[in-house]
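Since we're looking at a predicted model, the values are computed, not measured. Keep in mind that the numbers below use all heavy atoms, side chains included, and drop hydrogens, waters and symmetry copies.
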Amino acid sequence: MLDESGLAIERTVSAIEAYLARHPAAADSEQGVAQWWLPAQGLDPPIEHVHRALEILWQRGVIERTAMPDGGTVYRAARRRT
């Protein structure tokens with residue numbers, strides 16, 4: 001059973017998935033996801049929850065991440081192989 005923090009992270013996971021379903025070409029940094037994607041879904045979670053949610057989605061193969069030359073990371077929906 002998930003505690004309150006775990007439930008909040010799962011809500012964040014679901015909100016990111018919903019955003020990507022509506023905007024499949026979206027790509028952004030962790031900060032961008034927190035600032036632009038989640039408020040559009042009615043959420044304003046702490047950045048630690050956003051970080052954990054992105055990790056969960058990456059581990060599940062839902063998103064992919066790209067390291068940028070400036071040291072940042074960009075997240076986007078995983079490309080499906082046909």
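For R11, the salt bridge (charged side-chain N to carboxylate O under 4.0 Å, His left out) partners are E4, not counting sequence neighbours.
The structure places OG1 of T12 at 11.0 Å from CD of E48, a figure rounded to the nearest 0.5 Å.
Minimum heavy-atom separation, A34 to P39: O-CD, 3.2 Å. A78 and G61 get closest at one heavy-atom pair: CB-O, 3.3 Å. Shortest non-hydrogen contact noted between Q41 and A18 is OE1-CB, 3.7 Å.
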Tabulate below the donor-acceptor pairs under 3.5 Å that side-chain atoms of residues 65-73 make, not counting sequence neighbours, or state none.
unit_1 : atom_1 : unit_2 : atom_2 : d
R65    : NH1    : E55    : OE1    : 3.4
R65    : NH1    : E55    : OE2    : 2.8
T66    : OG1    : R76    : NH1    : 3.2
D70    : OD1    : G72    : N      : 2.8

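Grouping Ile, Leu, Val, Met, Phe, Trp and Tyr by side-chain contacts under 4.5 Å, direct or through others, puts V13 with I9, I16, Y19, L20, V33, W36, W37, L38, L43, I47, V50, L54, I56, L57, W58, V62, I63, Y75.
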